[in-house]
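These notes are about the structure you will find just below.
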Amino acid sequence: MGLDGMEVIAIAVVIGLFVVVLKQFGVWEPLSLEDSCEGDLELSMVRHQPEGLDQLQAQTQFTRKELQSLYRGFKNECPSGLVDEETFKSIYSQFFPQGDATTYAHFLFNAFDMDRSGSIRFEDFVIGLSVLLRGSVTEKLRWAFNLYDINKDGYVTKEEMMAIMTSIYDMMGRYTLPSVRDDSPYEHVERFFQKMDRNRDGVVTIDEFIETCQKDENIMASMQLFENVI
Amino acid sequence: MAAGVAAWLPFARAAAIGWMPVANLPMPVAPTEKNKRQDELIILNVSGRRFETWRNTLDRYPDTLLGSSEKEFFYNEETKEYFFDRDPDVFRSVLNFYRTGKLHYPRYECISSYDEELAFFGIISEIIGDCCYEEYKDRKRENAERLMDDQEDNKDAKLPNMTFRETMWRAFENPHTSTMALVFYYVTGFFIAVSVITNVVETVPCGTVPNQKEVPCGERYTVAFFCMDTACVMIFTVEYLMRLFAAPSRYRFMRSVMSIIDVVAILPYYIGLVMTDNEDVSGAFVTLRVFRVFRIFKFSRHSQGLRILGYTLKSCASELGFLLFSLTMAIIIFATVMFYAEKGSSSSKFTSIPASFWYTIVTMTTLGYGDMVPKTIAGKIFGSICSLSGVLVIALPVPVIVSNFSRIYHQNQRADKRRAQKVQKARLARIRISKEGTSNAFLHSKRNGLFNEALEFTSSTEEEQRLSKSTSLLESQHHHLLHCLEKTTNHEFVDEQYYQQSYLEAGLQNYPSRSPSLSSQDGVTGTCCTRRSKKHHTPLQNASAPALMQPLTHKHTHQLGLQELSTIHIQSLSTSRSSLNMRVDEPASLNCQSNQITTAIISIPTPPVATTDGDLTHHNVVKVSAL
């Protein structure tokens, strides 16, 4: 390398340090590109205010007091007025400590998030609850069908039902009696299709579904189970 | 279950309608709210300051004072409010806990008053949020040490019936206990000082012997120094042996740092005695004398400050390590650079990179001896950068060490980090247990839940109230939800130990020998109970298939009063399994009239496992045949 080489390097280092010091004092700003200070603005501003109490009262079957109480609980958990999927999953998982409720929560989320916006607003929440708690049996069955129909095409296929069933069995967790075998969801789906699929075409339509359920007294009885939840 | 999600429980229950069309079994009955109150405002009057909140907010934590019926004791009929004669400032934190689910510790608050308020309102302190938990624990630790210090000051009173050995040990550890101890303390201190001074003076050149150059005093007055050394070493040996005798645990004493220092300090003398004037070994012996300087460390027994300094260095080991590491890195870098920079200049002292290390160290620590200086321009530039960076690198970890020392010095703590780790583990364990409590609570309350169902048949209100007190409405709704899930999938929740136990046994035991007998029982069951009991027997089959060859021992009566059921603790697994078979026999005999229902609860206890929480031992799988 020799003398000259090292001297050049030394001088380069000195110049580099000089530049750094100048930048530090803000004396010299080299061409800086657009800084991304807008990047931080996204999520903190997102907020949602629900429609007025009167409109919600018109759209749902809840009384004013019930809506007030529901909103207080909702706002407490989600101050921004929106529930995103992650929060939803974590809230729902807390009710099922032994198993993994995230997949089922995902399906539930899609069932509530009717306009596919990626987050549940209070209106979605309360309209869904109104169907579930105050709706007629047909409406409830329609809601359940909507839950099973993952791609919302009007038909429930075996794969969709399999996914739903697996997610329900996942919520049970590992420690069950008798132990959940790998084909337990499959068998359950088979039984379901045997019962529901009238014309044996491999899919269940909404009419088959509603018709079969209305004939089954167990299901009809259980639909009335949660009347007095609120 | 966390507070906030209690608000979502109605939602979760409503969403359970999604399971209904899929389920094949009938769902359990939902718990009803006996007196359904509209959500109302509660006024809490705490020493004159009024707080208002919704009743639902307080109900989120049913195991605290405000969440349970315990607050009724404080209800004031005339003013229609709950009056608490407590500190309103601390109450703010308590109430915020209900509102937000997070407990915060205000920094200006005294730790003992805060703890008292938490204890009064039935809130465990482990729930304090992570934002305030460190502060809380620090203050608590300081407080505990303060209490301990106060206690220690009172410990000087001599306890009666101490053996001579214990007295001696106490005298050694704390010289203020008796006059003898004090005398001993000063004598040893004096001799340590004498020994150290002797070692130092030994090497001073004192006077000349004619015809010879200056000799050190040690060689001139050999005998005198030898006698001095002997005396000191004798005192030290006696002291060491006495300590060894008095120590409560001799093995631990021999391993402690101070005793090792003692041994190392007196060993060279004895080795010197043993050794002859052999030429080869005397060189090594001279080196051994260096260890005599360790006697100065014996002063640390006499000085509190020295001990603290030693402890500080030990506790700052990581900072010191970092300092050392970063210095080494910098030294290597700069030494390499300086070597190549100075390579060209003639008569350069930088003959190799290790030779440059010396220059780098001297420059970075700003010593600057001047025995090695760079001569080229590049060398000078890099040398100046080296000295600047040296100041920075050394200055960084030093304040940490200093603050550590001052903290320890002021508080005089011992091994606080080790204790903190244990407490942290204990805290996490407690929180985990209380969280696991929810899943175990479900299994635990299945028993009670089924009690309630049966009770609705018998419609006896006093027993109902007695038994339904244990679970709040929120819990019972949550358990109903989990029960619905069980029915949907036709599997039941069990706890981990039972699951592992049962599948261990299933692998070992003979499977088919029992099942024929069980299946034969199925046909015998009464017609009105067929459906329900059959559904219960299918899971039963798997559980009791591990064959029971033991004879049935009747440990409990057939007619089980509902009150007795809660006290059944079945002793051994085999008897419980046999009782299962016994219960299977029962459906044949009893009639199924609804007004005479005897619920037979069969609980299979987990094998005795040491658990921290007493309640966990009751976690059993419960199978009920309501007959």
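Given the structure is predicted, the values throughout are model-derived calculations rather than measurements. Letters A, B, ... are given to chains in the order of the sequence lines, protein chains preceding strands, and every chain is numbered from 1.
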dist A/Ser222:OG -> B/Trp19:CH2 (nearest 0.5 Å) comes out at 12.0 Å
Cut-off 4.5 Å, heavy atoms of chain B, and the answer for A/Leu108 is side chain
Max heavy-atom pairs within cutoff under 4.5 Å with chain B, candidates A/Trp143, A/Phe107, A/Phe145, A/Phe125, goes to A/Phe125
Check this for me: A/Asp183, atom CG, are more than 12 non-hydrogen atoms of other residues, nucleotides or ligands nearer than 6.0 Å?
yes
Turns out that what part of A/Phe112 lies under 4.5 Å from chain B's heavy atoms comes down to side chain
Okay, A/Ser184 and chain B: the region with an atom under 4.5 Å from a heavy atom over there is side chain
Contacts satisfying salt bridge (Lys or Arg N to Asp or Glu O under 4.0 Å) that involve residues 12-22 of chain A (not counting sequence neighbours) are none
Okay, A/Ile164 and chain B: the region with an atom under 4.5 Å from a heavy atom over there is neither
query: Do B/Phe11 and A/Ile91 come within less than 4.5 Å of each other through their side chains, counting heavy atoms only?
result: no
Those residues at least two apart in sequence (or on a different chain) that pass side chain to side chain donor-acceptor pair (under 3.5 Å) with A/Glu211 are A/Lys215
Here the gap from B/Asn490 atom CG to A/Tyr169 atom OH, rounded to the nearest 0.5 Å, amounts to 7.0 Å
Taken to the nearest 0.5 Å, the spacing of B/Ile17 CD1 from A/Ile219 CD1 works out to 12.5 Å
Query - 4.5 Å side-chain heavy-atom contact, B/Ile385 and A/Val13 - result: yes
CD (B/Glu486) and OG1 (A/Thr176) are apart, to the nearest 0.5 Å, by 9.5 Å
When the 4.5 angstrom heavy-atom criterion is applied to A/Val126 and chain B, the contacting part is neither
**Prompt:** More than 12 foreign heavy atoms under 6.0 Å from CD1 of A/Ile206: is that the case here?
**Reply:** yes
When every non-hydrogen atom of B/Ala14 is compared with those of A/Leu133, the smallest separation belongs to CB-CD2, 3.7 Å
Margin query: What I'd like to find out is whether the side chain of A/Met172 reaches to under 4.5 Å of the side chain of B/Glu492, using heavy atoms alone.
Written below: no
Bottom line for A/Arg72: the part with an atom under 4.5 Å from chain B's heavy atoms is side chain
Nearest heavy-atom approach of A/Tyr104 to B/Ala15 is OH-O, 3.8 Å
Separation between CZ (A/Arg181) and NE2 (B/His491), nearest 0.5 Å, reads 6.5 Å
Item to complete: Using a cut-off of 6.0 Å, state whether more than 12 heavy atoms not belonging to B/Arg99 lie near its atom CZ.
Response: yes
Within residues 187-196 of chain A, contacts to chain B at heavy-atom distances under 4.5 Å involve A/His188, A/Arg191, A/Phe192, A/Lys195, A/Met196
In terms of heavy-atom contacts, B/Ile381 and A/Val14 come closest through CG2-CG2, 3.4 Å
By side chain to side chain contact (heavy atoms under 4.5 Å, CB included), A/Ala101 pairs with (sequence neighbours left out) A/Tyr92, A/Ser93, A/Phe96, A/Met171
Interatomic distance, CG@A/Leu132 vs CZ@B/Arg13, rounded to 0.5 Å, equals 12.5 Å
Worksheet item: Is it the case that more than 12 heavy atoms not belonging to A/Tyr155 sit under 6.0 Å from its OH atom?
Response: no
For B/Gly18 and A/Leu147 the tightest heavy-atom approach is CA-CD2, 3.8 Å
